[in-house]
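Both backbone and side-chain heavy atoms feed into the values below; hydrogens, waters and symmetry mates do not. Atoms within a ligand are numbered from 1 in the order they appear, just like the ligands themselves. Along the sequence shown, the residues carry numbers beginning at 1.
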Amino acid sequence: MSSYREDQLQDISKRFQIYGEILHAEACKIGHINETYTATYAQGGVNVRYIHQKINRHVFQAPDEVMGNLMRVTSHIRSRLENESTKDITRRVLIVVPTRTGESFFVNPDGDFWRTFVFVEGVQSFESVESPKQAFEAGHAFGSFQNYLSDLPGERLHETIPQFHNSRVRFNALLKAIEQDHANRAANAKPEIDFCLENEALVDVILKGLDSGEIPERVTHNDTKFNNVMMDKKSGRSMCVVDLDTVMPGTVLYDFGDMVRTTTSPTLEDERDLDRVVMQMPTFQELVKGYLSTAGAFLTSKEKSLLSFSGKLIAFTIGLRFLTDYLSGDHYFRVHRQGHNLDRARTQFKLVRSIVEQEESMQKFVDSL
Ligand code: GN1
Ligand code: MG
């Protein structure tokens, strides 16, 4: 799946401040958006790995701003960890390796932006949750990430994707895609389109709270998928969170909502057997406990009161985005089969239904803590 040959990767690798003999370079993970590669070096008598990542320029129109945010955020977390005398810091927060000219990124002749991180060894991520304990770890990890950034000094961070979680904007984009029906697929997706239209009322709830100031703006991660949590292979404890391109001003509700979306059903995001897509209460409970164990320190009661709602909203909004991309011809999310984005949308909407059925007891649990 790699779009780069090994010799090209080695050339890119040499632009960064990594010294030693490069042994090999290969594709590591091709996600929905960026492309990720690893390079292995012989350094000081041992083999050391690095991550090279190409930023998707179609999605991130100002990669220099993405990197500006990322440098501020990772440096701040690192200094908080140092002040706490935390051990194993290079596995607790991403470490950016600068280029040989001291920049945080390298632009190749094609105009592609590349950046490099220290490879975090001894951790793994999971595409779906295997136990409620893992959901606790995810909640704990993203809650502490937000907590570390709650005193980030300086100017407001750049909005690396403007209106990223604005569910009204996402809803209107869907309406436009339905009307244009570029790929001639709207007839295939009638039940999903109807579901979105019926649930329009969801999209303004958090936006209104933000507008009125009832919900505070904070520095948030904005892509809190379960597979962005790195867990220690031995202990199963969360070590750090990755995928920091969308760290920007937002609300904790978007972050928590995406944790609910990606942890509480035991299935993958594109599961086709919808009977298996269910919000599982024990997993939700552990997620909330893990999250409040770190974020509880700063959350307001208004934010806490919307935690269950946020899961429903984010599952709905990501579903809107998958459906919009399906109708427009799959230009945003990388697809691996026909109808992939429609399958993904269906899964999200099934999860919304499952949350609706259990929402009252979910919120009761949150309120009891
Ligand atoms: C994308 O980068 P990745 O695959 O973690 C997307 C998220 C969606 C997610 C759905 C920048 O995340 O917003 O929730 O796919 N990221 C961007 O799986 O659009
Ligand atoms: Mg991402």
Please indicate whether any nitrogen or oxygen in Thr246 is less than 3.5 Å from any nitrogen or oxygen in ligand 1.
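No, since none of the N or O atoms of Thr246 sits under 3.5 Å from an N or O of ligand 1.
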
Is there a nitrogen or oxygen of Lys225 sitting under 3.5 Å from a nitrogen or oxygen of ligand 1?
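In this structure, Lys225 places an N or O atom under 3.5 Å from an N or O of ligand 1.
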
Out of His32, Arg321, Arg334, His165, whose heavy atom sits nearest atom 8 (C) of ligand 1?
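Looking at heavy atoms only, the winner is Arg321.
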
For ligand 1, which atoms, with element, lie under 4.0 Å from some heavy atom of [X]?
X	value
Ile161	11 (C)
Asp223	2 (O), 3 (P), 5 (O), 7 (C), 12 (O), 16 (N)
Arg261	10 (C), 14 (O), 18 (O)

Ring centroid separation for Phe113 and Phe105, is it under 6.0 angstrom?
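They qualify: ring centres under 6.0 Å apart.
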
What part of [X], side chain from CB on, backbone N/CA/C/O, both or neither, has a heavy atom under 4.0 Å from ligand 1?
X	answer
Asn227	neither
Glu269	side chain
Asp243	side chain
Phe322	side chain

Would you call the rings of [X] and [Y] parallel, tilted or perpendicular, taking 30° and 60° as the class edges?
X	Y	answer
Phe322	His32	perpendicular
Tyr4	Tyr37	perpendicular
Tyr291	Phe256	tilted

Can Arg185 be said to sit on top of Tyr326's aromatic six-ring, NZ or CZ under 6.0 Å from centre and within 45° of the ring axis?
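Yes, Arg185 lies over the aromatic ring of Tyr326.
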
Any pair counted as ring-ring contact (aromatic ring centres under 6.0 Å, His included), so long as it reaches residues 54-77, sequence neighbours left out:
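Qualifying pairs, neighbours excluded: none.
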
In terms of side-chain heavy atoms, does [X] have a donor or acceptor partner in [Y] at a distance below 3.5 Å?
X	Y	answer
Asp270	His340	yes
Ser328	His182	no
Arg80	Asn83	no

For atom 19 (O) of ligand 1, what's the nearest protein heavy-atom neighbour? Residue, atom name and distance, please.
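Looking only at protein heavy atoms, the one closest to atom 19 (O) of ligand 1 is Tyr332 OH, 2.5 Å.
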
By residue and atom, what protein N/O/S atoms are less than 2.8 Å from the Mg ion (ligand 2)?
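Under 2.8 Å from the Mg ion (ligand 2) - ignoring waters, which are not counted - the protein N, O or S atoms are Asp223 OD2, Asp243 OD2.
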
Can Arg344 be said to touch ligand 1, with heavy atoms closer than 4.0 Å?
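Per 4.0 Å heavy-atom rule, Arg344 does not contact ligand 1.
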
Taking ring pair (Phe, Tyr, Trp, His ring centres under 6.0 Å) as the definition, give me every residue that meets it alongside Phe145, ordered by chain and number, with sequence neighbours left out.
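Testing Phe145 for ring pair (Phe, Tyr, Trp, His ring centres under 6.0 Å), a comparison that skips the adjacent residues, returns His221.
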
Kindly list each side-chain donor-acceptor pair under 3.5 angstrom involving residues 9-16, sequence neighbours excluded, with atom names and distances?
{"from": "Gln10", "atom 1": "NE2", "to": "Glu6", "atom 2": "OE2", "distance (Å)": "3.2"}
{"from": "Ser13", "atom 1": "OG", "to": "Tyr41", "atom 2": "OH", "distance (Å)": "2.5"}
{"from": "Ser13", "atom 1": "OG", "to": "His52", "atom 2": "NE2", "distance (Å)": "2.7"}

